[in-house]
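Throughout, a chain's letter reflects where its sequence line sits, starting with A, and its residues are numbered from 1.
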Amino acid sequence: MNDFTKQVIELIRAIPEKHVMTYGQIARLAGKEKGARGVSWILHSMSRSYQLPWHRVVNQQGKISHQGSEQRELLEMEGIEFSVRGKLDLKEYQYHPKEEDASGDS
DNA sequence: GTCTTGACTAGCG
DNA sequence: ACGCTAGCCAAGA
């Protein structure tokens, strides 16, 4: 597993409730500005092996990408409200972790 | 080693 | 704001 993948997993796992992160943001913090596609694949592959809050990961538009899953329901369950168009306020829910602690585990 | 899949993002009209 | 195209990255077959 590359550091990128490991970083992504740690970042997603660090997302608290009532907060979300975008693929691009995670990818950038993991070291890949354009690694959003890689992040999506990691969620797709790792979410079944690791218990990651993948539902807290949304696209840059603040909308649910993997429509058809319970992601929307899970987010609403945490208290996140969606607009009529199925979008949420990134400027309110987007999480901003410390880049320096991306790989640092307690 | 090459092609395909996947839950993306930025740019342009 | 919406739809389409091009670019990017990782893992599996």
[X] [atom1] - [N] [atom2] separation (whole Å):
X       : N     : atom1 : atom2 : value
A:Lys63 : B:dC8 : NZ    : P     : 11 Å
A:Ile12 : B:dA7 : CD1   : P     : 14 Å
A:Leu90 : B:dC8 : CG    : C1'   : 14 Å
A:Trp54 : B:dG6 : CH2   : P     : 16 Å
A:Ile26 : B:dA7 : CD1   : P     : 15 Å
A:Gln60 : B:dA7 : CD    : C1'   : 15 Å
A:Gln61 : B:dA7 : CD    : C1'   : 13 Å
A:Glu70 : B:dA7 : CD    : P     : 16 Å

**OP:** Just do the salt bridge (charged side-chain N to carboxylate O under 4.0 Å, His left out) check on A:Glu76 and A:Arg72 with the steps written out, would you?
**Re:** CA-CA 6 Å; A:Glu76 291 183 311; A:Arg72 166 67 177 275; 3.1 Å; yes
Original post:
With the 4.5 Å side-chain cut-off for hydrophobic clustering, are A:Leu90 and A:Leu11 part of the same group?
Top reply: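 No, it is not one cluster - the side chains of A:Leu90 and A:Leu11 are not joined through contacts under 4.5 Å.
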Subject >> Proximity to the side chain of A:Lys87 - top-ranked nucleotide from B:dG6, B:dA10, C:dA1 >> reply: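 So the nucleotide nearest the side chain must be C:dA1.
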**OP:** Using the P atom on both, measure B:dA7 against C:dG7 and round to a whole Å.
**Re:**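 It comes out at 22 Å once rounded to the nearest Å.
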Original post:
Checking side chain to side chain contact (heavy atoms under 4.5 Å, CB included) against A:Ile42, which of A:Asn2, A:Val8, A:Val57, A:Ile12 comes through?
Top reply: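 Looking at A:Asn2, A:Val8, A:Val57, A:Ile12, the match for A:Ile42 under the side chain to side chain contact (heavy atoms under 4.5 Å, CB included) is A:Val8.
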Which atoms of nucleotides 9-13 of chain C (N or O only) lie under 3.5 Å from a protein N or O atom, and what are those distances?
| unit_1 | atom_1 | unit_2 | atom_2 | d |
| --- | --- | --- | --- | --- |
| C:dC9 | O2 | A:Gly38 | N | 3.0 |
| C:dA11 | OP1 | A:Thr5 | OG1 | 3.3 |
| C:dA11 | OP2 | A:Asn2 | ND2 | 3.4 |

Original post:
So, the side chain of A:Asp89 versus the backbone of A:Glu92: is there a donor-acceptor pair under 3.5 Å, distance only?
Top reply: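 No, A:Asp89 side chain to A:Glu92 backbone: no donor-acceptor pair under 3.5 Å.
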Original post:
Would a 4.5 Å heavy-atom cut-off, applied to side chains only, mark A:Ser65 and A:Val58 as touching?
Top reply: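 The answer is no; the side chains never approach within 4.5 Å.
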Original post:
Does the side chain of A:Leu52 reach to within under 4.5 Å of the side chain of A:Ile15, using non-hydrogen atoms?
Top reply: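 Heavy-atom side-chain distance check fails, nothing below 4.5 Å.
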Original post:
Just by distance, with hydrogens left out, do A:Glu78 and A:His55 show a side-chain donor and acceptor under 3.5 Å apart?
Top reply: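 A:Glu78 vs A:His55: donor-acceptor pair found between side chains.
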Original post:
Using a cut-off of less than 4.0 Å, is there contact between a side-chain N or O of A:Ser40 and OP1 or OP2 of B:dC8?
Top reply: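 So the side-chain polar atoms of A:Ser40 never come under 4.0 Å of the phosphate oxygens OP1 or OP2 of B:dC8.
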